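See structure below.
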Amino acid sequence: QLVESGGGLVQAGGSLRLSCAASGYAFSSYVMGWFRQAPGKEREFVSAIRWSGAGTYYSDSVKGRFTISRDNAKNMVYLQMNSLKPEDTAVYYCAADRLEVSFNGYDYDYWGQGTQVTVSS
């Protein structure tokens with residue numbers, strides 16, 4: 001089970017930190033990812049982190065502004081979002097992949113329910 005939190009309404013240029021709590025599986029051995037879906041758009045990859053935390057990956061649209069991290073002792077993964085833009089508005093989903101880093105959501109095994117992020121201009 002994955003449960004996201006930390007979404008909300010923020011002005012452009014502001015920051016939010018999303019959290020994802022995992023339970024029910026061997027969290028520390030899974031790749032963790034964040035995806036987002038804006039109204040009327042397809043789900044898109046945002047970021048991913050290897051099980052060790054040593055490898056991190058970002059979409060071009062968030063690189064340099066977002067930071068993914070994980071705490072395997074707490075079964076948590078985080079997404080620090082800075083310099084937010086209105087185009088970052090979306091529902092953000094946490095996901096777990098038991099195999100390898102993927103930018104394709106269909107490769108992920110578990111998904112959270114999502115948390116809404118709204119950035120006002």
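All values derive from a computational prediction rather than experimental measurement.
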Restricting to salt bridge (charged side-chain N to carboxylate O under 4.0 Å, His left out), what partner residues turn up for D107, sequence neighbours left out? none
Apply side-chain contact (heavy atoms from CB on, under 4.5 Å) to residues R36 and S61 and explain how you reach the verdict. CA-CA 12 Å; R36 67 186 182 185; S61 61; 3.4 Å; yes
Can any side-chain N or O of T89 pair as donor or acceptor with the backbone N or O of V119 at less than 3.5 Å? yes
Indicate if Y78 and M81 have the same hydrophobic cluster label, given that clusters are the connected sets of ILVMFWY residues with side-chain heavy-atom separations under 4.5 angstrom. no
Can you give me the closest heavy-atom contact between V101 and A48, atom names plus distance? CG1-CB, 4.2 Å
Could you go through the side-chain contact (heavy atoms from CB on, under 4.5 Å) check for M76 and S19 one step at a time? CA-CA 7 Å; M76 297 289 296; S19 299; 3.8 Å; yes
Are a donor atom and an acceptor atom from the side chains of R98 and Y30 found within less than 3.5 Å of each other? no
Heavy-atom side-chain proximity of M32 to R50 below 4.5 angstrom: no
same_hphob_cluster(V10, V62) at 4.5 Å side-chain heavy-atom cutoff: yes
Report the C-alpha distance between D97 and D109 in whole Å, list the side-chain angles of each, state the deciding distance to 0.1 Å, and finish with yes or no for side-chain contact (heavy atoms from CB on, under 4.5 Å). CA-CA 5 Å; D97 182 345; D109 302 287; 3.9 Å; yes
I want to check something: taking the side chain as every heavy atom from C-beta on, are L9 and Q116 in contact at a cut-off of under 4.5 Å? no
With sequence neighbours left out, what residues match R17 under salt bridge (charged side-chain N to carboxylate O under 4.0 Å, His left out)? none
Closest heavy-atom pair and its distance - A12, P86: CB-CD, 4.1 Å
Please report the interatomic distance OG(S121) to CD(Q11), rounded to the nearest 0.5 Å. 9.5 Å
Please check if the number of heavy atoms outside W51 that lie under 6.0 Å from its CH2 is greater than 12. no
Heavy-atom closest pair, residues A95 and L2: CA-CD1, 3.8 Å
May I ask whether I68 and Y110 are part of the same hydrophobic cluster, defined by side-chain heavy atoms of I, L, V, M, F, W, Y residues being less than 4.5 angstrom apart, directly or through others? yes
Would R65 and Y58 count as a cation-pi pair here, with the cationic atom under 6.0 angstrom from the ring centre and within 45° of the axis? no
Gap between atom SG of C20 and atom CZ of R70 - 0.5 Å precision: 10.0 Å
Evaluate the side-chain proximity of I49 to W34: yes if any heavy-atom separation is below 4.5 Å, no if none is. no
Step by step, would you call D60 with K63 a salt bridge (Lys or Arg N to Asp or Glu O under 4.0 Å)? CA-CA 5 Å; D60 288 341; K63 195 173 298 181; 3.4 Å; yes
Would you say F66 and L84 make side-chain contact, with heavy atoms under 4.5 Å? yes
Backbone of C94 reached by a side-chain donor or acceptor of E4 within 3.5 Å: yes
Nearest non-hydrogen partners of L79 and S47, listed with the distance: CD1-CB, 4.2 Å
Tightest non-hydrogen contact, residues Y92 and L18, listed as CB-CD1, 3.5 Å
Determine the interplanar angle of the F45 and F35 rings, folded into 0 to 90°, and report it as parallel if under 30°, tilted if 30 to 60°, perpendicular if over 60°. perpendicular
Determine, using the 4.5 Å side-chain heavy-atom cutoff (strictly less than), whether Y57 and V31 are members of one ILVMFWY cluster. yes
Shortest non-hydrogen separation from S69 to V77 and the atoms involved: O-CG2, 3.1 Å
Looking at Y106, is R43 sitting on its ring face, NZ or CZ under 6.0 Å from the six-membered ring centre and within 45 degrees of the normal? yes
